[in-house]
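Whatever order the structure lists them in is the order used to number ligands and atoms, beginning at 1.
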Amino acid sequence: MTASTIDTMEFRKALGSFVTGVTVVATTQEDGTPRGFTANSFSSVSLTPPLVSVCIGKVASSYPVFSDTSHFSVSVLAEHQKNVSGVFASKSPDKFAQVDWHKGVTGSPIMDGAAAWFDCETYQVIEAGDHIILLGKVVNFSTSSASPLGYCRGGYLTFSLSQDALAAASSARVGAILESHGGIVMLEGPDKVFHLPTGTKLDPASAPDSLRGVLSKLKIDAQLDFLFAVFEDAEAKAGAVHVYYRGQVIGDLPQDSAVRVVPLDAIPWAQVQDEAVSAMLRRYVKERREDAFGVYVGDANTGSVQPLAKSA
Ligand SMILES: Cc1cc2nc3c(=O)[nH]c(=O)nc-3n(C[C@H](O)[C@H](O)[C@H](O)COP(=O)(O)O)c2cc1C
């Protein structure tokens, strides 16, 4: 297939296989009123200087504003902000009246509750076919622990706990591998056996036998990021499923004699008596060392791997 024979619909479909986040790109117009649109073409560009890019279609009604602006912001939407994406992808004349936002140092509007945001001065505007590439030099940014919203093949994706996973976990052993200050949280029993925090289901925190209930009783404030392992219990009754999430402790751990933070290279394997849990933890340590959970930022020479589940 050559450029001249490219089927636009098929091309769009192929591009849609690339999983992205969802952002709102916003600025203030000369009269001080805010302007913004939903974009998934956001990308990191350079670390030094700190540059990001976003592409704007020339047919967008806000194109003349963004092609000429001296500053703009990019808010990376959190998974509960599908409605914000919808508002800014629309032609609504009062988009900013429908969401909560505040101004950044450049004066650009930033979405409240975003997973991250970047406040930028315009660095360069590059002609690119039916779009322009807006390069921004980041002058301020912020990140939060909120799970980001994803987008692929025309639909939204969420990366945290899905309802299906919760349903599947309703009659299982549900545990967590939680990172805190470079180690993982384990509970030491009176018999000196080390366990991971577990419950018989995930929610609610008010149920003492749920994972969230167990964590709440231990006063561990944790964020469960991703499903890490699902396996059947070979020894116990058939169909007993173990579901383990990985996540991180928010803030400090309580001074509880049973709660230990075990460095990844010093897990007391002899005291982890459950073989399946031990095998799962060995995989976790290996993947953590290899940064297999990481997202690559940069290029082969200057890039670095940013761990997704970095401890707080
Ligand atoms: C998930 C999603 C991603 C989008 N990404 C872009 C993008 O990267 N660039 C763009 O110009 N339009 C993008 N759009 C379309 C614009 O948000 C849409 O055309 C919007 O109406 C433009 O606002 P405006 O008419 O006020 O300029 C996207 C829409 C959605 C739903």
- Item | For ligand 1, the residues whose heavy atoms come within less than 4.0 Å (ordered by chain, then number) | F37, T38, A39, N40, S41, C55, I56, G57, A60, S61, S62, F88, A89, S90, K91, K95, Y151

- Task: Verify the distance criterion only: is there a donor paired with an acceptor across the side chains of T28 and R35 at less than 3.5 Å?
- Result: no

- Treating Ile, Leu, Val, Met, Phe, Trp and Tyr as nodes and any side-chain heavy-atom pair under 4.5 angstrom as an edge, say whether L149 and V74 lie in one connected cluster. no

- Query: Under 3.5 Å, is there a donor-acceptor pair between the T69 and T27 side chains?
  - Reply: yes

- Can a salt bridge be assigned to the pair K58 and E127 using a cut-off of 4.0 Å between side-chain N and carboxylate O? yes

- Roughly how far apart are T38 OG1 and K82 NZ, rounded to 0.5 Å? 14.0 Å

- Message: I need the full list of ring pair (Phe, Tyr, Trp, His ring centres under 6.0 Å) pairs touching residues 12-54, with sequence neighbours left out, sorted by first then second residue.
- Response: F37-F66, F42-F118

